[in-house]
Amino acid sequence: MTEAESARTGAGADAQAVCARHGNNPAALLEILHDIQDEAGFVAEAVLPAIAGALNLSRAEVYGVVSFYHDYRRAPAGPVVVKLCRAEACQSMGALALIEAVCAARGIVLGGTSEDGVTIEPVYCLGNCALAPAAMVNGKLVGRADTERLDIAMREARS
Amino acid sequence: MTVVVYVPRDSAARSVGADAVAKAIAVQADARGVAVKIVRNGSRGMFWLEPLVEVETGTGRVAYGPVASGDVAALFDAGFLTGAAHALALGPTEEIPYLKNQERLTFARVGVIDPLDLASLSALGGLDGLKAALAMDGEAICAAITESGLRGRGGAGFPAGIKWKTVHDQPTGRKYICCNADEGDSGTFADRMIMEGDPFTLIEGMAIAGLAVGAEDGYVYIRSEYPDAIETMSAAADLMEQAGWLGADIGGSGRSFHLHIRRGAGAYICGEESSMLESLEGKRGTVRAKPPIPAIHGLFGKPTVVNNVLTLATVPVILAKGADYYKGFGMGRSRGTKPFQLAGNIRQGGLVEKAFGITLRQLVEEFGGGTASGRPFRAAQIGGPLGAYVNDAMLDIETDYENLAAAQAMLGHGGIVVFDDSVDMAAMARFAFEFCEIESCGKCTPCRIGAVRGKETVEKIQRGENVAANLELVGDLCETMRDGSLCAMGGLTPMPVLSAMRLFPEDFDPLHSKSGPLMAAE
């Protein structure tokens, strides 16, 4: 299967194996979805029936959980994911202007993915409010974020 | 002789380069043939000085900061390993006024120890609380917590001992301890600092709660935005289990307590206790109607203690030093200490643990040193995105639960977000509604619909449409949300909105408003 095909079907993650690792316990659904997303990059619609079957839930219940939580992606993101905080503490240090500048530099709107594979998403608090504005680049926290520091973090994330 | 050097592993310190500094110190030490042991401690909570490097000297720990990796060679040249003078030298760490003037009970060991070194924890009194609890019966532990006056530090301020007693008094059977570590409030980072800086103390507090109420399983629900905290907590739980302080036979007592770490998935609402319980059960994080309360019908329908990280992390010191010791701090009905978090546009942002009663002005001006921008202070939001804004005149309020409530504000989780005079309070009121729109679980109408209509109405005010009528409409809508919502999300969103309208009416007067064009709707 080509990479493009596996991305479309979400076959990158073996949902049944992941569920089994969590004892097919329906209470572990959030952890299961995290594991699938960590492996495949997103939670494809195609894996939902397998999860529902393994956990003895309806597909609607699984879909309801996937769509409720902001973390779960229904489509792949770019290789670099930049989360920019737009909560109050970061706003007090110019976060909204920073977000506008970062998006404008790549010609995308917040939530989009640029041609060079950078996905820029909003987030509401990263717990780094004394070093605002805060950002997270591929899971790595960046404090006192500005366009220059973010560019460095994005370069590091690619290498 | 090996010199011990401390470089924080706290994610905030790492967000401004602590890893590079630690690496540079190792490289320089190697090149110069000096024996250096680098300990990755938690953060002292003085974030404007991060990365804060400390050196163990004959006369105690000496601090340097903020250190950039490029400064390291010069620090070696100056002889920082012996505590020598340098432009970045701050003197003995404990003498830095910001730290010296605090009363650290919950945070006593945060920033002092390697968070995953059980030996250094024990040397500083760690596990003393759990050992004391193992010698007491459940009723006596609940009584000690009640006597200490400890109230829920997550924001609601409910007496912890009474909650525990309720769970204790339920019939024997499966019960749970749930630690709410879904610290989503903007301006707060105390839970994260505990989990990354002294995770053993939180786990100790949960084990004590288990002994008190007869629960053998505990869950920590940590937000996914805190990957480092999840990692540190998981490692700490493993170490506690290996050392026999968690598991089937804690401390050789024959009693058991098992800990489970769970990741959230980016939903702010899961900081609300019933929504967190739904999420722990693998469901959508929608709130439950109360009653029944979680203490009677909680996780999987069983009696459950739900407490915040700070509440549970404060339990060990109470058991170790006694309820009277803890009760001796504070004022009125707010006993003990409160970890305040200074955030936003503030020069000296960080963690300040002080007895209740300190004024907001002391926190913002004496500890915080005023705004980061140097412009005049205009507003502060106390207690997260659902907390009220205060103006300069209100900074003289002495912080306790009742005082803030009397001033139509709340202490919440202790976050204080400072804004300078460039803030547009109509934009902040609009944002409060927008945040509620994004994060509402959708179960009750006042919250789900009210947030959207509120945002639209504030936008009309910003555009100058029927301003007086629309202000009145926002007031009505807020009343409906406050009185009709199932939980604090919809119920308290009116707090920031109404406080902004009441204290900063000039910003809701579009003829004189300085607000620029509205941000495009997402």
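So that the names make sense, note that chain A is the first sequence line, chain B the second, and so on, each numbered from 1.
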Checklist entry - So what's closer than 4.5 Å to chain B heavy atoms on A:Val123: side chain, backbone, both or neither? => result side chain
Checklist entry - Does any heavy atom of chain A fall under 4.5 Å from the side chain of B:Gln381, the backbone, both, or neither of them? => result side chain
Next on the checklist: So which residue, A:Arg149, A:Lys83, A:Glu88, A:Met93, ends up with the most heavy-atom pairs under 4.5 Å with chain B?
Outcome noted: A:Glu88
Checklist entry - Looking only at side chains, do B:Asn308 and B:Asn180 share a donor and an acceptor under 3.5 Å apart? => result no
Item to check | Side chains of B:His413 and B:Gln341 in contact at under 4.5 Å (non-hydrogen atoms) | outcome: yes
Next on the checklist: Would you say that B:Arg9 contacts B:Glu196 through its side chain, given a criterion of any heavy-atom pair below 4.5 Å between the two side chains?
Outcome noted: no
Next on the checklist: Counting only heavy atoms from other residues, nucleotides and ligands, does the tally under 6.0 Å from OH of A:Tyr63 exceed 12?
Outcome noted: no
Checklist entry - B:Asp217 pairs by salt bridge (Lys or Arg N to Asp or Glu O under 4.0 Å) with which of B:Lys302, B:Arg174, B:Arg262? => result B:Arg174
Next on the checklist: If you count heavy atoms of other groups shown closer than 6.0 angstrom to CD of A:Glu121, is the number above 12?
Outcome noted: yes
Next on the checklist: Report which part of B:Phe431 has an atom under 4.5 Å of a heavy atom belonging to chain A: side chain, backbone, both, or neither.
Outcome noted: side chain
Item to check | Per-residue contact mode, B:Ser11 against chain A (heavy atom under 4.5 angstrom) | outcome: both
Checklist entry - Side chain, backbone, both or neither: which part of B:Ile261 has a non-hydrogen atom closer than 4.5 Å to chain A? => result backbone
Checklist entry - Backbone N or O of B:Phe367 within a donor-acceptor pair of the B:Gln348 side chain at under 3.5 Å? => result yes
Next on the checklist: Using heavy-atom distances under 4.5 Å, tell me whether B:Tyr389 contacts chain A through its side chain, its backbone, both, or neither.
Outcome noted: side chain
Checklist entry - Hey, which of A:Leu30, A:Ile32, A:Asn25 has the most heavy atom pairs under 4.5 Å with chain B? => result A:Leu30
Item to check | Selection from A:Gln91, A:His70, A:Glu61 maximising heavy-atom pairs under 4.5 Å formed with chain B | outcome: A:His70
Item to check | A:Ser67 and A:Arg74, any side-chain heavy atoms less than 4.5 Å apart | outcome: yes
Checklist outcome for this item: Among B:Gly285, B:Gly349, B:Cys441, B:Ser373, the residue with the most heavy-atom pairs under 4.5 Å to chain A is B:Gly285
Next on the checklist: Within a 6.0 Å radius of atom CZ on A:Arg158, are there more than 12 heavy atoms belonging to other residues, nucleotides or ligands?
Outcome noted: yes
Checklist entry - Which residues in residues 137-147 of chain A have any heavy atom lying under 4.5 Å from a heavy atom of chain B? => result A:Gly139, A:Leu141, A:Val142, A:Gly143, A:Arg144
Checklist outcome for this item: The interface call for A:Leu131 against chain B, heavy-atom contacts under 4.5 Å, is side chain
Item to check | Validation row: B:Asp191, B:Asp182 side chains within 4.5 angstrom (heavy atoms) | outcome: no
